[in-house]
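These notes concern the structure reproduced below.
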Number of protein chains: 2
Amino acid sequence: MAEKTQQTEDLIKETAMRLFFQKGHINATTQEIADEAGVNRALIHYYFRSRDLLFEKVLHETLGATREKIDYIFSSQDTLYNKISRFIDIFIDQNIDYPYLENFLVTEMVKNPDKVKELHPVEEKREKLRRILEEQIQEEIASGRIEPISIEHFMVNLMSLCNYPLIAKPMVQNFFGYDEVGYKKFLLERRNVVLQTMFKQPNFSENIK
Amino acid sequence: MAEKTQQTEDLIKETAMRLFFQKGHINATTQEIADEAGVNRALIHYYFRSRDLLFEKVLHETLGATREKIDYIFSSQDTLYNKISRFIDIFIDQNIDYPYLENFLVTEMVKNPDKVKELHPVEEKREKLRRILEEQIQEEIASGRIEPISIEHFMVNLMSLCNYPLIAKPMVQNFFGYDEVGYKKFLLERRNVVLQTMFKQPNFSENIK
DNA sequence: AAAATGTTTAACAATTTTGTTAACGCAAAG
DNA sequence: CTTTGCGTTAACAAAATTGTTAAACATTTT
């Protein structure tokens, strides 16, 4: 029973994730989600009470998982170069799985600006990570491996280079005439492109972990 | 009469643009648009037949205007550095006016993938611009001002660095604690950050047009 | 196996949203 | 002055969508 419950509940969640984040069908109705999952529409209300609550749950779980991975990376003792390298991997992987997550996120945040805050880590943790990162960036700047830049711009650069190509998939595809295979290849190339763009000269001594 | 017609039609279009692109209210209903514009809802159908056609018109006009500007820049005889510099200005300016345009674009494209093609320039023009750009990039690579990179990644880098900060406004704002003023300041700073990130060392001789 | 508990379904109700239409008002043309 | 045509409005109709409920079904517990 608890098994079947979990089965159906997960099925609905996974289907919603697929529709929202993979297919970009942000306005998917409860009926569409139910059809796609092959369950009765009322079950969505049975398990999640309302469409909005389903949204919220799916969103929080997905972001929570990502955040954990990122916190783990930036809390580690690794070099900045390696941290960034790992960050890129995670973001590009996630974006290959859920190309429309970012886009969806923004749309949702505009609807409910209050909920933005819940999605971010607690102040102390953020501050701690910020200090570590700040220090490492200053080191890199001092040794000339990156140009002088604020931590804000550095992070926004990083996120931009990783995320935008996924968000803008239809445009990039059409603009350069990529089919699905070509586009995936392009995405995988970005791993190195982003690293190269963030660090003026790849530092091989640091690259060896 | 033709005047009043144009007045109301433009008023509706401008209001729709404001709601869609400025406020990010992508799912604005015809009623909301009408209320915001202070006109009767039926007028939207009178002038545009359906909500979808209003969408389409507003979208095409906005993109058309942007595309013209970009084509103009890249068709010019300017140096690559200056072209990029002007490109950044236009994109950041447009994004300050219409922060949610990109986001909206993606959402719409996902709904109607067929319409993506209409939004892009004709093949010949695209090819011509591509050849010019390719040549200039190769020159810059040869003279060491930018690292070896394909035209596709170069352009995607550029668009990412300009557009993402706008798309992700709510996240960036919250993450770094920017209010509206602080965020706008951050955006204006990006002009130089993007240039610096795209070109390993700013080339001052070229910078003087 | 009867009761209890939890899951699923179909039918219904309520709401929201879009699209249509007939009538009204007004300005220009005849 | 009245007729014509366009812009506007309110009221109506239709469709889509969400949420609720009572009954059917399945399972576990006693």
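Throughout, a chain's letter reflects where its sequence line sits, starting with A, and its residues are numbered from 1. Please read all numbers here as calculations on a predicted model, not as lab measurements.
F55(B) places its CZ atom 11 Å from the P atom of dG19(C), with the value rounded to the nearest Å. To the nearest angstrom, C1' of dC24(C) lies 14 Å from OH of Y46(B). Between L53(B) atom CG and dT18(C) atom C1' there is a gap of 13 Å when expressed in whole angstrom units. Distance CD1 (I12(B)) to P (dT8(D)): 8 Å, rounded to an integer number of Å. For the pair I44(A) CD1 and dA10(C) C1', the interatomic distance rounds to 15 Å; values are reported in whole Å. A straight line from CG of L43(B) to P of dC6(D) spans 15 Å, rounded to a whole angstrom. Look at CZ on F48(B): it is 13 Å from P on dG19(C), rounded to the nearest Å. What separates CD of Q7(B) from C1' of dA27(C) is a distance of 15 Å, to the nearest Å.
Applying the side-chain contact (heavy atoms from CB on, under 4.5 Å) criterion to R18(B), with sequence neighbours excluded, gives T15(B), Q22(B), E36(B). The side-chain contact (heavy atoms from CB on, under 4.5 Å) search around I137(B) returns L80(B), L133(B), I141(B), I146(B), I151(B), F154(B), not counting sequence neighbours. In terms of the salt bridge (Lys or Arg N to Asp or Glu O under 4.0 Å) criterion, E124(B) has no residue partners (sequence neighbours excluded). Partners of E139(B) by salt bridge (Lys or Arg N to Asp or Glu O under 4.0 Å), not counting sequence neighbours: none found. For the salt bridge (Lys or Arg N to Asp or Glu O under 4.0 Å) test, no residue two or more places apart in sequence or in another chain qualifies with D97(A).
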Base versus backbone protein contacts along nucleotides 11-18 of chain D [heavy-atom cut-off under 4.0 Å; B, S, -]
------SB
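When distances are taken from the side chain of N40(B) to each of dA10(D), dT9(C), dT8(D), the shortest belongs to dA10(D).
Counting heavy-atom neighbours within 6.0 Å of E135(A) CD, excluding the residue itself, gives a total of 12 or less.
For Y47(B), a side-chain nitrogen or oxygen approaches OP1 or OP2 of dT8(D) to under 4.0 Å.
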